[in-house]
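Here's the structure, in structure tokens; my notes come after.
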There are 2 protein chains.
Amino acid sequence: MNTQFKKGVLELIVLLAVNKKDMYGYELVMEVSKVVDVNDGTIYPLLKRLTNERYFETYLVDSTEGPARKYYKITVLGKERVEELRDNWKVFANSVNKFIKESMKNE
Amino acid sequence: MNTQFKKGVLELIVLLAVNKKDMYGYELVMEVSKVVDVNDGTIYPLLKRLTNERYFETYLVDSTEGPARKYYKITVLGKERVEELRDNWKVFANSVNKFIKESMKNE
DNA sequence: ATTTAGTACTTGACAATACAAGGTAGTTGA
DNA sequence: TCAACTACCTTGTATTGTCAAGTACTAAAT
């Protein structure tokens, strides 16, 4: 899988997932992996950054299957960010697709 | 415009443009700018890399409007790379779009 | 003749993101 | 008790793109 395409999109995917429901880190790694190949060492720093930027709040919940789970909950600011990024993505993906179509006309 | 989305896609766009017809650097900057905001200092190093990787060959043509133009021409290897990247992009964009749709179901 | 505008390209310092590899620590079941 | 799984986190590195600055060439305006 192309590493470079992922840049920036991971943030959107993580925001979308947490926007839907509160999730803990490990769970997110599993969820996001369904969409794009991703390393857990990529997700955790990203979660930290998004929390620092006030898009997420966190709380701990004890688990019977290992260490306590740190849950991430989206904030109002986070919801705004989701909207923004989602719109950006749509515009971006559309213009790339358009360019691909154009470039295939005389092929 | 989101900087990060660009990563990796710029390569595809440049390859697509040159695949369609031979182009010189400055011309490419103008062409690519139609799709994504991009600095000329981003394009030239990219062209150099793609040439080093044997996706492009170059030749010079005198110009009446300034210094000689360095034209980029796609190679067989480059054509393969276009196909590959284009397919990768489609798969990637589709799975992201799918995830966006899924995540909006219960919103 | 000199300046200005536009074309064409290069270089180097910098920022952001992702990966690989490693570490810590709790719980369960053989 | 110890392997396997869950859960979390950090560090070093590579890649890619950004930005600022600079070089250099030509044509047209002054």
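A, B, ... follow the sequence lines: proteins, then strands. Residue 1 opens every chain.
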Determine, stepwise, if the pair B/Phe99 / A/Glu31 fulfils side chain to side chain contact (heavy atoms under 4.5 Å, CB included).
CA-CA 10 Å; B/Phe99 192 83; A/Glu31 180 74 7; 4.0 Å; yes

Quickly work out the B/Tyr26 OH to C/dT10 P distance and round it to whole Å.
15 Å

Judged by nearest nucleotide, the residue sitting upstream toward the 5' end of DNA chain D, A/Pro45 or B/Thr42, is A/Pro45

Rounding to a whole Å, what distance do you find between B/Ile43:CD1 and C/dT11:P?
17 Å

Taken to the nearest whole Å, CG/A/Asp40 to C1'/C/dG22 is 11 Å

Considering only heavy side-chain atoms of B/Tyr44, the closest of C/dA16, C/dA21, C/dT10 is C/dT10

Any base atoms under 4.0 Å from A/Leu10, or only sugar-phosphate, or nothing? Heavy atoms, all strands.
sugar-phosphate

With a 4.0 Å cut-off on heavy atoms, is B/Gly25 in touch with a base, just the backbone sugar-phosphate, or nothing at all?
sugar-phosphate

Rounded distance (Å) that lies between atom C1' of C/dA18 and atom CZ of B/Phe92
12 Å

With a 4.0 Å cut-off on N to O distance, would you call B/Glu27 and B/Lys70 a salt bridge?
no

Taking NZ from A/Lys6 and C1' from C/dA16, how many angstroms apart are they, rounded to a whole number?
15 Å

Mind checking A/Val38 for me? I need base, sugar-phosphate or nothing, with any heavy atom below 4.0 Å counting as a touch.
sugar-phosphate

Quick one: salt bridge (charged side-chain N to carboxylate O under 4.0 Å, His left out) partners of B/Arg54, sequence neighbours excluded?
none

Distance in angstrom units between A/Asn39 CG and C/dT17 C1', rounded:
13 Å

Contact nearer the 5' end of DNA chain D, comparing A/Arg69 with A/Lys48
A/Arg69

Quick one: label B/Tyr72 by what it contacts on the DNA or RNA (base, sugar-phosphate, nothing), any heavy atom closer than 4.0 Å.
nothing

Residue pairs fulfilling ring-ring contact (aromatic ring centres under 6.0 Å, His included) with at least one residue in residues 25-46 of chain B, sequence neighbours excluded
none

Could you tell me which residues satisfy salt bridge (charged side-chain N to carboxylate O under 4.0 Å, His left out) with A/Glu11, sequence neighbours excluded, listed by chain and number?
A/Arg49, A/Arg81

Between C/dT17 atom C1' and A/Leu85 atom CG, what is the distance in whole Å?
14 Å

According to a strict under-4.0 Å criterion, is A/Arg49 in side-chain N/O contact with OP1 or OP2 of C/dT17?
yes

Rounded interatomic separation in angstrom, taking CD from B/Gln4 and P from C/dC19
13 Å

With a 4.5 Å limit on heavy-atom distance, are the side chains of A/Arg69 and A/Leu60 in contact?
no

Closest-nucleotide mapping onto DNA chain C: is A/Gly8 or B/Leu60 further toward the 5' terminus? I mean the 5' end.
B/Leu60

Evaluate the side-chain proximity of A/Ile13 to A/Val36: yes if any heavy-atom separation is below 4.5 Å, no if none is.
yes

On DNA chain D, reading 5' to 3', which nucleotide is the first and which the last to sit with an atom under 4.0 Å from a heavy atom of chain A, could you check?
D/dT6 to D/dT16

Same hydrophobic cluster for A/Val61 and A/Phe56, using side-chain heavy-atom links shorter than 4.5 Å among ILVMFWY?
yes

Once you round to the nearest 0.5 Å, how far does CG of A/Leu12 lie from CH2 of A/Trp89?
8.0 Å

Distances for protein N or O near nucleotides 26-30 of chain C N or O, under 3.5 Å:
{"unit_1": "C/dT27", "atom_1": "O3'", "unit_2": "A/Thr64", "atom_2": "O", "d": "2.4"}
{"unit_1": "C/dT28", "atom_1": "OP1", "unit_2": "A/Thr64", "atom_2": "O", "d": "3.0"}

How would you list, by chain and number, every residue that makes a side chain to side chain donor-acceptor pair (under 3.5 Å) with A/Asp22, sequence neighbours excluded?
A/Tyr59

